Amino acid sequence: MILSNILALSFIVVCVALASENLERFASTSLNRLERIKSMYAWEGFVYDIEDCRTMAEMAQDFSDMKERGARVVITFEFCGTGADASYYDDVISAAGSVGIDIIPLAWTLPIHAVGQSYGPNDTFLIKSVPRIEAVTQAVINNPDPVLAIAIGDEPLYDDDAGSPAALASYITEVRRNLSTAGLDIPLSISDLAYGWQSSGNITPVADAVDFFMVNNFPYFAFDATTGGNASTSWNDFIQDIDYFESIANGRPILVTQTGWPTNEDEFAPNSPDIVASVPSSEGFWNLLDSHCEDFFKNLNIGWMWRSWEDDIDGWGVKYLNGSDKWHWNARTEC
């Protein structure tokens with residue numbers, strides 16, 4: 001009798017905890033998606049590479065681990081297989097939904113992988129990239145609730161993925177049309193560098209097509225870069241890019257979807273001869289961002305996401321591929 005009472009009490013405690021969590025999630029989602037993005041600030045989460053095609057269970061475990069450490073949002077990077085399988089993005093979105101973390105699925109619009117692949121005759125935007133956009137769109141239509149937004153490409157202006165800003169804008173518009181037909185209003189953007197926007201000629205079609213601005217911001221690539229924690233060069237380079245995006249956003253939200261500092265130079269070479277790519281330098285940049293929670297990120301309502309979770313992108317994770325932390329990392333999600 002005592003045992004049954006204990007079990008019943010335990011069940012009630014679990015139910016109350018789950019109900020409380022669901023109420024908190026409901027309160028946080030009472031705003032529409034774009035309003036939520038506009039209200040975000042401080043550290044939000046991670047870039048997550050899906051090139052190794054992890055299972056839904058493996059992704060759910062990773063997302064759960066992120067959430068336990070404070071992450072609220074994850075954005076995908078690269079693609080699994082050909083990237084054109086909507087069912088795999090179904091798994092990605094379902095894995096996020098199962099642990100209660102927001103997901104930004106990114107449709108990889110560079111026809112080839114970022115590293116280690118050369119262009120072949122079939123590696124065109126129409127043949128390779130468009131089916132990936134369609135796959136992500138369909139997966140979001142299938143299960144929209146965990147989705148915060150959709151990214152149409154990683155640096156598609158910088159890499160000139162679609163051939164012109166006008167062409168890229170037309171695909172963004174097509175995705176919006178397909179979502180609207182399904183009764184959905186999901187914010188759309190591209191995850192790109194300030195330089196990608198600045199060097200692409202007439203960017204007006206893309207600027208008009210996006211709902212908000214996803215920013216790739218990497219002071220590591222600056223010509224004056226030294227250490228990640230340099231409060232002068234690293235921070236000044238970071239805010240210089242944000243200043244540019246504010247100049248073209250016209251009041252629309254800004255979210256830094258990719259920033260970070262690598263612990264080695266193996267994947268992407270720097271532009272500064274004085275660069276320091278190391279664990280202390282990466283930790284220093286992380287802490288530099290966190291130190292500006294009050295005076296910058298909260299003041300401007302801008303969130304930041306770290307590239308990346310693990311070293312799938314060699315050197316850029318907060319964790320090694322064996323799952324161990326590179327340093328004892330944590331960041332504020334409010335201030």
Side-chain angles (χ1 to χ4, degrees), residues 47 49-51 75-86 89 104-141 149-181 186-218 221 241 244-245 247-250 252 254-255 257-258 267-269 271 307 313:
V47 175
D49 194 312
I50 60 172
E51 187 178 353
I75 182 172
T76 65
F77 187 84
E78 271 279 0
F79 58 94
C80 167
T82 66
D85 183 2
Y89 287 101
I104 301 175
L106 183 147
W108 191 263
T109 54
L110 188 71
I112 61 174
H113 288 288
V115 176
Q117 185 180 356
S118 300
Y119 277 90
N122 292 324
D123 294 325
T124 67
F125 189 87
L126 187 62
I127 294 174
K128 293 294 181 68
S129 306
V130 171
R132 296 180 196 141
I133 295 172
E134 293 171 345
V136 168
T137 304
Q138 186 57 56
V140 172
I141 291 172
I150 300 174
I152 311 297
D154 171 61
E155 300 175 2
L157 286 175
Y158 175 76
D159 293 320
D160 194 24
D161 292 351
S164 72
L168 178 61
S170 71
Y171 286 103
I172 297 171
T173 301
E174 183 177 351
V175 171
R176 180 174 290 105
R177 185 182 306 114
N178 291 333
L179 293 171
S180 179
T181 299
I186 310 285
L188 305 177
S189 190
I190 64 171
S191 192
D192 215 321
L193 301 162
Y195 182 75
W197 287 86
Q198 293 163 339
S199 63
S200 294
N202 181 16
I203 58 171
T204 300
V206 181
D208 289 345
V210 298
D211 296 300
F212 70 108
F213 289 82
M214 296 183 185
V215 177
N216 289 15
N217 194 335
F218 296 107
F221 293 112
D241 281 4
Y244 169 74
F245 280 101
S247 75
I248 65 172
N250 293 322
R252 282 171 289 178
I254 294 172
L255 174 62
T257 37
Q258 297 188 48
E267 185 109 349
F268 300 110
N271 294 308
R307 185 171 87 176
I313 309 172

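As a basis for the values below, the full set of heavy atoms in this structure was taken, side chains included, without hydrogen atoms, waters or symmetry mates. Computed from a predicted model, the values in this text were never measured in an experiment.
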**Q** Testing the basics here: between Ile127 and Thr124, what is the closest heavy-atom pair and its distance to 0.1 Å?
**A** N-OG1, 3.1 Å
**Q** Counting C-beta onward and ignoring hydrogens, is there a side-chain heavy-atom pair between Leu157 and Pro165 closer than 4.5 Å?
**A** yes
**Q** Is there a side chain to side chain contact (heavy atoms under 4.5 Å, CB included) between Asp192 and Val206? Walk through the geometry before answering.
**A** CA-CA 12 Å; Asp192 215 321; Val206 181; over 6 Å; no
**Q** Step through it carefully: locate the ring centre of Phe125, locate the ring centre of Tyr171, and say whether they are under 6.0 Å apart.
**A** yes
**Q** So, the side chain of Asp49 versus the backbone of Glu51: is there a donor-acceptor pair under 3.5 Å, distance only?
**A** yes
**Q** As an exercise, state the distance from CD1 of Ile112 to CG of Asp159, rounded to the nearest 0.5 Å.
**A** 9.0 Å
**Q** Give the minimum heavy-atom separation between Val130 and Leu126, together with the two atoms involved.
**A** CB-O, 3.6 Å
**Q** Hey, what's the ring geometry for Trp197 with Phe213, parallel, tilted or perpendicular (30° and 60° as the breaks)?
**A** tilted
**Q** Would the distance check show the side chain of Ser189 and the main-chain N or O of Phe212 forming a donor-acceptor pair, the cut-off being under 3.5 Å?
**A** yes
**Q** Could you tell me how the ring of Phe79 sits relative to the ring of Trp108: parallel (under 30°), tilted (30 to 60°) or perpendicular (over 60°)?
**A** tilted
**Q** Measure the CG-CZ distance between Leu193 and Phe221 for me, rounded to the nearest 0.5 Å.
**A** 8.0 Å
**Q** How many angstroms lie between OH in Tyr195 and CG in Asp241, if you round to the nearest 0.5 Å?
**A** 12.5 Å
**Q** Write down the atom of Ala114, the atom of Glu78, and the distance for their closest heavy-atom approach.
**A** N-OE2, 2.8 Å
**Q** Please identify which of these residues, Asp161, Thr109, Asp123, Thr82, meets the side-chain hydrogen bond (donor to acceptor under 3.5 Å, both in side chains) condition with Lys128.
**A** Asp123
**Q** For the residue pair Ala166 and Pro205, what are the closest heavy atoms and their distance?
**A** CA-CB, 4.0 Å
**Q** Show the nearest heavy-atom pair for residues Ala135 and Gly83, with the distance to one decimal.
**A** CB-O, 3.9 Å
**Q** Can you name the nearest heavy-atom pair linking Ala167 to Ala162, along with the distance?
**A** CB-O, 3.6 Å
**Q** Can you tell me how far the CD1 atom of Ile75 sits from the OG1 atom of Thr257, to the nearest 0.5 Å?
**A** 4.5 Å
**Q** Quick one: OG1 on Thr173 to CD1 on Ile152, what's the gap to the nearest 0.5 Å?
**A** 10.0 Å
**Q** Pair Val115, Phe268 - check side chain to side chain contact (heavy atoms under 4.5 Å, CB included), show working.
**A** CA-CA 9 Å; Val115 176; Phe268 300 110; 3.9 Å; yes
**Q** In a check of side chain to side chain contact (heavy atoms under 4.5 Å, CB included) between Ile150 and each of Leu179, Ile190, Ile104, Leu106, which one passes?
**A** Leu179
**Q** For the pair Arg307 (side chain) and Ile313 (backbone), establish whether a donor and an acceptor sit closer than 3.5 Å, ignoring hydrogens and angles.
**A** no
**Q** Can you tell me how far the CG atom of Leu110 sits from the CG atom of Asp154, to the nearest 0.5 Å?
**A** 8.5 Å
**Q** Given 3.5 Å as the limit, does a donor-acceptor pair link the side chain of Arg132 with the main chain of Gly153, or not?
**A** no
**Q** Assess whether side chain to side chain contact (heavy atoms under 4.5 Å, CB included) is satisfied between Arg176 and Asp211, documenting all intermediate values.
**A** CA-CA 10 Å; Arg176 180 174 290 105; Asp211 296 300; 2.9 Å; yes
**Q** Given 3.5 Å as the limit, does a donor-acceptor pair link the side chain of Ser247 with the main chain of Tyr244, or not?
**A** yes
